[in-house]
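Each ligand, and each atom within it, is numbered from 1 in the order the structure gives. The chain is numbered in sequence order, starting from 1.
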Amino acid sequence: MDKMTSGILESRYTQDEIVRKYNRIAPVYDLFGVMMESKARRRAIEMVNIRNGEKVLEVAFGTGLSFVEILKRNPDGWVDGIDISMKMLRKTEKRAARTGRRNYTLHLGDCRRLPFENETFDVLINQYLLDILPSEDFIPILLEFKRVLKEGGRVVLVNMTKGGNRINRIYEDLYKLRPPLLAGCRGILAQPYLERIGFNDFKREFVSQCGFPSEIITGLKRLPH
Ligand SMILES: C[S@@+](CC[C@H](N)C(=O)[O-])C[C@H]1O[C@@H](n2cnc3c(N)ncnc32)[C@H](O)[C@@H]1O
């Protein structure tokens with residue numbers, strides 16, 4: 001284990017198990033998503049500062065809670081979304097249809113093989129995905145994110161994180177005991193992985209909601225000046 005991954009607990013599920021799990025919990029996911037994650041999700045969208053007219057990708061859109069916010073901020077741009085769970089995709093389809101917008105496509109697929117050309121997007125948003133996946137997959141996935149971002153493109157990652165106060169750390173203790181209680185997520189620190197593959201200009205914020213600890217990290221794909 002190197003310095004980057006030290007302290008990050010092992011993920012508990014295979015990718016097939018994750019798909020089955022998220023298909024199963026799609027109908028009730030919003031409860032968890034709104035109660036514990038809505039603050040960080042909202043702040044991430046503010047921090048990445050989507051400008052109307054941009055090309056935006058959301059990876060792992062889940063039930064579409066952020067996807068519809070992105071659509072609202074980008075009426076003259078284009079938004080793609082990708083998620084591996086068909087049940088999540090169906091929920092997001094309904095939510096996005098209610099916005100009345102048509103400037104988007106939802107894709108079913110794996111973040112490890114994004115079905116987009118190199119340098120397609122101005123902004124890539126990814127929330128609460130890496131914290132359920134094995135840490136050895138982080139670099140290949142983030143390289144894929146980097147590939148589809150334009151030079152100068154912005155990434156924002158939101159994940160359950162480590163640290164904070166004693167209450168925040170209860171969630172990590174719960175994961176050790178009964179991972180299903182937390183939809184399989186454990187605390188991670190994503191910035192060192194982004195640094196390793198050449199993102200820069202980072203901003204990091206820590207958000208606690210109902211004691212659930214999240215980190216928001218924004219970074220830029222560009223050569224350091
Ligand atoms: C914890 S949920 C987060 C959903 C949403 N981003 C949010 O913040 O509410 C994780 C999502 O990642 C999706 N997912 C899991 N593995 C994936 C993969 N390899 N590629 C794309 N999506 C994946 C799941 O289907 C699920 O919708």
Ligand-side contact atoms (ligand 1) for residue partner Leu129, heavy atom cut-off under 4.0 Å: 12 (O), 14 (N), 15 (C), 16 (N), 17 (C), 23 (C)
Option with minimal heavy-atom separation from atom 17 (C) of ligand 1, where the choices are Val19, Ile141, Ile84, Asp110: Ile84
Looking at Lys21 and Glu17, is there a salt bridge between them, counting it only when a charged N and a carboxylate O are closer than 4.0 Å? no
Please name the pair of heavy atoms, one in Ser85 and one in Leu108, separated by the smallest distance, quoted to 0.1 Å. C-CD1, 3.7 Å
Within ligand 1, which atoms have a heavy atom of Arg112 less than 4.0 Å away? 19 (N)
Taking only heavy atoms of Arg41 into account, list the atoms of ligand 1 that are under 4.0 Å away from them. 7 (C), 8 (O), 9 (O)
Only one of Lys55, Arg51, Lys150 passes side chain to side chain donor-acceptor pair (under 3.5 Å) with Asp122, and that residue is Lys150
Of all the atoms in ligand 1, which lie at a distance below 4.0 Å from a heavy atom belonging to Ser85? 25 (O)
Pairs satisfying salt bridge (Lys or Arg N to Asp or Glu O under 4.0 Å), at least one member in residues 79-90, at least two apart: Arg90-Glu93
Mind checking what makes side chain to side chain contact (heavy atoms under 4.5 Å, CB included) contact with Val48, not counting sequence neighbours? Ile50, Val123, Ile125, Arg154, Val156
Any N or O of Tyr128 closer than 3.5 Å to N or O of ligand 1: no
Please verify whether a non-hydrogen atom of Ile82 lies at under 4.0 Å from ligand 1. no
Flag the pair Lys162 / Pro213 as yes when at least one side-chain heavy-atom distance between them is below 4.5 Å, and no otherwise. no
Taking C-beta and beyond as the side chain, do Tyr175 and Arg12 meet within less than 4.5 Å on heavy atoms? yes
For atom 26 (C) of ligand 1, which candidate among Thr92, Asp83, Val34 holds the nearest heavy atom? Asp83
So which bit of Phe61 gets within less than 4.0 Å of ligand 1, heavy atoms only: side chain, backbone, both or neither? backbone
Side-chain donor/acceptor of Asp131 to backbone N/O of Thr161, under 3.5 Å: no
Whether the side chain of Glu144 engages the backbone of Cys111 through a donor-acceptor N/O pair (distance < 3.5 Å, no angle test) should be reported. no
Report yes if Cys111 has an N/O atom closer than 3.5 Å to an N/O atom of ligand 1; otherwise report no. yes
Identity of the nearest option to atom 6 (N) of ligand 1, non-hydrogen atoms only, from Gly62, Ala26, Ala40, Ala60: Ala60
So the atoms of ligand 1 within less than 4.0 Å of a heavy atom of Gly109 turn out to be 20 (N), 21 (C)
With heavy atoms and a 4.0 Å threshold, my read on which part of Met88 contacts ligand 1 is side chain
Interfacing atoms of ligand 1 (cut-off 4.0 Å, heavy-atom, Ile18): 15 (C), 16 (N)
